[in-house]
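Notes to accompany the following structure.
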There are 2 protein chains.
Amino acid sequence: MHDVARLAQVSVSTVSYVLTGTRPISQATRDKVLAAMAELDYQPNAMARGLASRRSRILGLLMPMDERGLGATETAFVTGAAAAASVAGYHLVLSPIGGGGDLDDLRRLATQRMLDGVVLMEVQLADERVTVLQEAGVPLVLIGRTGDADALSYVDIDFEQTVREAVEHLVGLGHRHIVYVNHSAATLASGYGPALRTRDAFVAAMTDYGLDPVMIPAEDSAAGGRAALAAAFARTPELSAVLAMNETAIFGILGELTGRGLSVPDDVSVVSLVTSPQVAELATPALTAMTSPGSALGRIAIEALVRHLDGPGNERHQQLLPCALEIRGSTAQRRPAISEPPRRGD
Amino acid sequence: MHDVARLAQVSVSTVSYVLTGTRPISQATRDKVLAAMAELDYQPNAMARGLASRRSRILGLLMPMDERGLGATETAFVTGAAAAASVAGYHLVLSPIGGGGDLDDLRRLATQRMLDGVVLMEVQLADERVTVLQEAGVPLVLIGRTGDADALSYVDIDFEQTVREAVEHLVGLGHRHIVYVNHSAATLASGYGPALRTRDAFVAAMTDYGLDPVMIPAEDSAAGGRAALAAAFARTPELSAVLAMNETAIFGILGELTGRGLSVPDDVSVVSLVTSPQVAELATPALTAMTSPGSALGRIAIEALVRHLDGPGNERHQQLLPCALEIRGSTAQRRPAISEPPRRGD
DNA sequence: GTGAAAGCGCTAACAC
DNA sequence: GTGTTAGCGCTTTCAC
């Protein structure tokens, strides 16, 4: 930087100011400085900037990685967030730090002033990470919501709206015996927000239609899906539609349906909740799904965070986005059972 | 740090030395210092340390994210790498920077001395990121190999060995007409190492058995898998086994097989290459697969990188790890066609 | 609109 | 085994 200043025949502070833009510089000197920087192939040192300015211009995206891998939905969050960060002049780094034992790791990262702000993915209703980060004084935005998120910034999927639309689609096709296959009982018990919120939304939506809301939990595996479907038929033999939010179990559900000689969508319609097009297309037939607004969520979260950092610093952003219904091959008009007399209005 | 020194009644440098451990400190003073740090709830500032020491103690994992999402295999890389970094006293951050337009972003990150070293995932045969990083003077380790990786450190899957074992398994079950479904023609043309290496290995292995090596490319989609299978039957009507390395197409392959009234594994055996147990269990029947050594790859890459950084700095680590054969329900003894007379030795 | 200089919070010679 | 001190490469008052 010294060299740049000398070459441009200005002071180091002037060079710094063209870099940061924190004070007006005449076009002439700016050009001189820029030319000198290019000439010398100068690159500012991020550590030194960070130390002097007390801002790293690095944003963290905390993304617990379980062994199941990341779906296309999560990937979309990430790419959306990275793009938004880049636009705002920040770097985005992902940290695989989870809710597990590496909470100390997180505390260290947060407290060492390496990150200007953080976006949390896969937020639990009671999420220790939030406490840790708040204590460390790191600005944060959630993707998802804790139980008491009133004071926090978040963006989340509008599960109520999403489930309602899915149910509406199925009811519109004439289905009346709809079973919702959720995540596992253990996941529900652990306070996983999406599982709880969709459960409640399903009950509400079905009740509004005067229908019986049957929910079955399923382990996150193909076998879990099969078991759940078996349970569903035991509980509701007239079952003609399945709503599911479980990207792994859904394959077991489809397999079990086929195994029972039932055709999708002729005998049973299937809608998958919060599902990426990529996964939806993997199935045969391709799944009608509520597609999550992945990259928008990531983008909005970062934008809110940046506004918080660059702005007065007391904003609070709370926003819900619904998933979009994408009709593919797994839903169809309900076919009345042969034994069933036609009803008026059919 | 000043305060810590005063409280412990030592100099700041002594505090620094107990922090870095770069010179012997008597147990007594160390304890005093540690006590003072705890008392004041002191946390060193990462930026300042980085500026003064010229090392950030941050390692980057460059992980291109395409819209397909990360499989369990990639996730295992990441968790293995993160664990190893933590053990070595480094932080690991992931950067979603890809081979796309954000090469400048990478150059900036690399050149600003924010990262002590990086691990590259999804390495292409000709990978510009390698050039950029080398020019920036950032130590790097590849997961995968470029075309001329002789001078670089890398860890990669031993595709030759992996394919050979898969073919051996199928031949051992009596299969002689085996088709290999690879990634797409475009992917092959783009110089994607795994696709090319498995192709060559397949040809070599089949030729060794005196068999005809038929390879069919497939788009990364269920539809691509169906098309590939159709092409495979057109080319090799006697087909009794499919080898595949394409986690998305494999579902189309299975669907098409079922659609043709063929049973897996009774009529056709299927082996999936470089596949995680999670994905293998998704299919019906569960797939016999060559399971990739995911977390070991990540761990070894980080360990090599750290050795490079902390050691004399001229090591070069090159290592290949084979996938492990895990037999599940998609492979079985070949069933001779009815029209086919029994051969001697059967 | 520009320059001079005082730090930012540490590390690592150099002293003893 | 410990203390003193000169930076690391920037940002940002304060002065003009």
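Hydrogens, waters and symmetry mates play no part in the numbers below; they use all other heavy atoms, side chains included. Letters A, B, ... are given to chains in the order of the sequence lines, protein chains preceding strands, and every chain is numbered from 1.
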For A:Val119, which of A:Leu59, A:Ile302, A:Val78 qualifies under side chain to side chain contact (heavy atoms under 4.5 Å, CB included)? A:Ile302
Polar contact flag, side-chain donor to acceptor under 3.5 angstrom, A:Ser16-A:Ser13: no
Can you tell me if B:Thr14 and B:Ser11 form a side-chain donor-acceptor pair at under 3.5 Å? yes
Ignoring hydrogens and angles, state whether a donor on the side chain of A:Glu315 or A:His317 is under 3.5 Å from an acceptor on the partner side chain. no
Give the residues of residues 35-56 of chain A touching DNA chain D, defined as any heavy atom closer than 4.0 Å, sorted by residue number. A:Tyr42, A:Gln43, A:Pro44, A:Asn45, A:Ala48, A:Arg49, A:Ala52, A:Ser53
Got a donor-acceptor contact below 3.5 angstrom from the B:Gln318 side chain to the B:Leu152 backbone? yes
Output yes when a side-chain donor or acceptor of B:Ser56 lies under 3.5 Å from a complementary backbone atom of B:Gly50, and no otherwise. no
Value in whole Å for how far the P atom of D:dC10 lies from CD of B:Gln112: 10 Å
Expected list for residues 11-34 of chain A near DNA chain C, using heavy atoms below 4.0 Å, is A:Ser11, A:Ser13, A:Thr14, A:Arg23, A:Pro24, A:Ile25, A:Ser26, A:Thr29
B:Gln9 CD - D:dG3 P separation (whole Å): 10 Å
Residue that, paired with A:Glu39, satisfies side chain to side chain contact (heavy atoms under 4.5 Å, CB included) out of A:Asp3, A:Leu34, A:Leu7: A:Leu7
Using side-chain heavy atoms (C-beta onward) and a distance below 4.5 Å, is B:Met63 in contact with B:Glu74? no
